[in-house]
Peer 1: 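The structure under discussion is supplied below as C-alpha cells; questions concerning it will follow.
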Amino acid sequence: MNTKYIFITGGVVSSLGKGILAASLAKLLKARGLRVTIQKFDPYINVDPGTLNPYEHGECYVTNDGAETDLDLGHYERFLNVATSQANNVTTGRIYKTVIDNERAGVYLGKTVQIIPHITDEIKRRMTLLGKSGNYDIVLTEIGGTVGDMESTPFIEAVRQLQWEMPDGDCLLLHLTLVPFLNAAQELKTKPTQHSVRMLQQEGLNPDIIICRTEVSLPESMKRKIALFCNVKQDSVFESRDAKSIYEVPMMLHEQGLDAIVLKKLKIKGMQEPQLDDWKEFLKNLFNPKTECDIALVGKYVELQDAYKSILESFVHAGAANHCKVRVHSIHSEHLTKDNIKEMLKGMNGILVAPGFGGRGIEGKILAVQYARENKIPFFGICLGMQIAVIEYARNVLKLEDANSTEIRPQTTNPVIDLMEEQKSLTIKGGTMRLGAYDCKIKEGTLAYKIYGSKLISERHRHRYEFNEKYAAAMEKGGLVLSGRNPDTGLVEIIELPVKQHPFFIGVQFHPELKSTVLSPQPIFVSFVKAAMKAK
Ligand code: GLN
C-alpha cells in the first residue's frame, strides 16, 4: 500500500481543536491496526516555537530528539502513545530558512527563487518526508492557522499540488469549521462554513470531509444543506460537539463512522474494528472517580491554561490511574507573600512548582516550596521548580541567605544554580538550550527509585541552568538527597528529601510531563497524586 496522506485545515475561527481532531482520527486509525503519524505545519515565521513567550502560543513541547515544537505535538503523543520528532513540526520560518540557505549555496543555479515553485516544493518535500520513510501507512498533516490567512496560502497551494500529483485515493482533505448557534434566533448557522469552504475552493481545493464544531447536535437536514452547498457527499459531514473531555472525541467521531468513511475514501480495505478497550477503560476511570484531591500549580503563566498544557494533561492521566479527580488550582507566584501563603495554599493536598524562565515571581515560588517542606505537604518541582527547591533548601536549611540562581541574580555569592558550562559561550537564543531526551541514573533506595522502579530512566529536557556541583557535598551533608544524575556528565537531575523526613518531596531538572500519555501515565505524576490523596 502507498503511504496515504490526510490533510486537515481549519475555517472560520482558530481554536476549534484541529489538533484534537487530528489526534483523535489518528488514534482511531491506529486502533484499527494502521501505522500512523501526525505532523503540524505552522504558518508563522519563527523557525520554531522555542523563542516564543508562552503567552503567545502556550507551552513549547519538546520531542525526544530535542525539537522545540508546537503544543499540538503533545496531543499527538498523548493520544497515539508514539513519540514524535523534529520532522513532525515545520514552520514557514524553517521552510524559508532552508530555501534561503539553498539559494546562498547556489543550489538553484541562477534561477529566480520564488514562492512557487521553490517554497511550495520545499513544503511538499517536508510534507512527504515522514511518508517516504516507509514507517507509516498514514500521515496526517495539520495545517496551522485558518483558511484565508495570508500566511497559510503557500501551505494550501502545496496541498493542492500534492493532491493533483497523487493517485486517486491517496490523499484526503478534511476541513474543520464552526457552525455557531445564535441564541437570539435560536438557530444554527451554516453560512460561515459555506464561506470558509468557498475560500478553500478559490485556492483550488475541495474538502472531502467536513467536520462541524457545534455546541448542539446538527439535524440531518442541516448536514444535507452543508453537504450540498459545500460540494461534499452527504455521508461526509460530521459534527464535533463540545465534549466533557478531549479524550472522548475519538469515541464521538467513531460513533458517527468517521474512521470508516476515511478508510473508504482512501481505498483501504479489510481493516479490523478499532481496538479501544484500554481507551474505554481510561475514560471509565476518568468519569467515575472514587475520590478527589486538590493540587496547587504555582507558576507565573497561570492566566493562560495552554502555558502548562502537558502538566494539566499529566494530572488527567495520573488522576484516572488513581481513580481520583484531581482539581488543579492555578496560583500566581507573584501574588504569594509571607502573609498570605497560608491562606492561598489552604486545603491543598499537593504543591507543584512549575517550570519557567527569568526572575519574575521567583520569591513567591520559594515561599511555596518552604511551605510545602515545612508543613509536609507533597511537593513536586519541575525544572525551574526543582531549581527553586534547591535555592530554598540552601537559604532556609543551609543558611546561605543569598543563595540564588545566576539566571535570577548573576552577582549572588552563593550560585547554587548556575549556567551549564557549555551554555556559557552561547550568544544565539534559538535551539541552544539543553534539549531533548537524556538518561538519568537513579540511586537505589530513594523516592525516585521507588517511583520509577528502575535504575536507569530517560526524560526530556529544556533548560540552560543546572544544580551547581560545587554545592553538592554541602547540600548532601545538610540532608538533601541527590537521587538522580546524568550517567555521562554527572549533572544532577533529581533532588529529594528522605522519605522519613517528608512524605513526598521531589524536584526534577527534566520535564516528565512531556512523556505522560493516556495509556502510559507518567510515574512521578501518578505517585504525586497518590501522595496527595494520602495527605488528604
Ligand atoms: N530557566 C531555567 C533554566 O533555563 C529553567 C527552565 C525550565 O523550567 N524549563 O535552566
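For ligands, and for the atoms within them, numbers begin at 1 and follow the listed sequence. Position 1 is the first residue of the sequence; numbering continues from there. All figures in this text were calculated on a predicted structure; none of them were measured in a lab.
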Peer 1: Any N/O of Arg462 closer than 3.5 Å to an N/O of ligand 1?
Peer 2: yes
Peer 1: Any chance the side chains of Thr91 and Asn46 put a donor and an acceptor closer than 3.5 Å?
Peer 2: no
Peer 1: Ligand 1 and Ile382, any nitrogen or oxygen pair closer than 3.5 angstrom?
Peer 2: no
Peer 1: Of Cys383, Cys60, Gly385, which has the heavy atom at the shortest distance from atom 7 (C) of ligand 1?
Peer 2: Cys383
Peer 1: If you count the atoms of ligand 1 from 1 in the order shown, which ones are under 4.0 Å from a heavy atom of Leu384?
Peer 2: 5 (C), 7 (C), 8 (O)
Peer 1: Hey, is CD on Glu476 packed in by over 12 heavy atoms from elsewhere, all under 6.0 Å?
Peer 2: yes
Peer 1: What are the atoms of ligand 1, with element, lying closer than 4.0 Å to any heavy atom of Arg464?
Peer 2: 3 (C), 4 (O), 10 (O)
Peer 1: Look at atom NZ of Lys443 and say whether more than 12 heavy atoms of other residues, nucleotides or ligands are closer to it than 6.0 Å.
Peer 2: yes
Peer 1: If you have a sec, work out which protein heavy atom is nearest atom 5 (C) of ligand 1 and how many Å separate them, to one decimal?
Peer 2: Gly356 O, 3.3 Å
Peer 1: Side chain, backbone, both or neither: which part of His463 comes within less than 4.0 Å of ligand 1 when only heavy atoms are counted?
Peer 2: both
Peer 1: Tell me whether Asn375 contacts the main-chain N or O of Ile377 through its side chain, where contact means a donor paired with an acceptor under 3.5 Å.
Peer 2: no
Peer 1: Are Ser310 and Arg78 linked by a side-chain donor-acceptor pair shorter than 3.5 Å?
Peer 2: yes
Peer 1: Looking only at non-hydrogen atoms, which of Phe510, Phe357, Tyr465 approaches atom 10 (O) of ligand 1 most closely?
Peer 2: Tyr465
Peer 1: With a 4.0 Å cut-off on N to O distance, would you call Glu334 and Lys300 a salt bridge?
Peer 2: no
Peer 1: Would His502 and Phe379 count as a close aromatic pair, with their ring centres under 6.0 Å?
Peer 2: no
Peer 1: Considering only heavy atoms, does Met433 approach ligand 1 within less than 4.0 Å through its side chain, its backbone, both, or neither?
Peer 2: neither
Peer 1: Closer than 4.0 Å to some heavy atom of Glu407 - which atoms of ligand 1 meet that?
Peer 2: 1 (N), 2 (C), 3 (C)
Peer 1: Applying a heavy-atom cut-off of 4.0 Å, say which part of Gln387 lies close to ligand 1: side chain, backbone, both or neither.
Peer 2: side chain
Peer 1: Would you mind listing which atoms of ligand 1 come within a distance below 4.0 Å of any non-hydrogen atom of His511?
Peer 2: 9 (N)
Peer 1: Does NZ or CZ of Lys40 lie under 6.0 Å from the centre of the six-membered ring of Tyr76, at an angle within 45° of the ring axis?
Peer 2: no
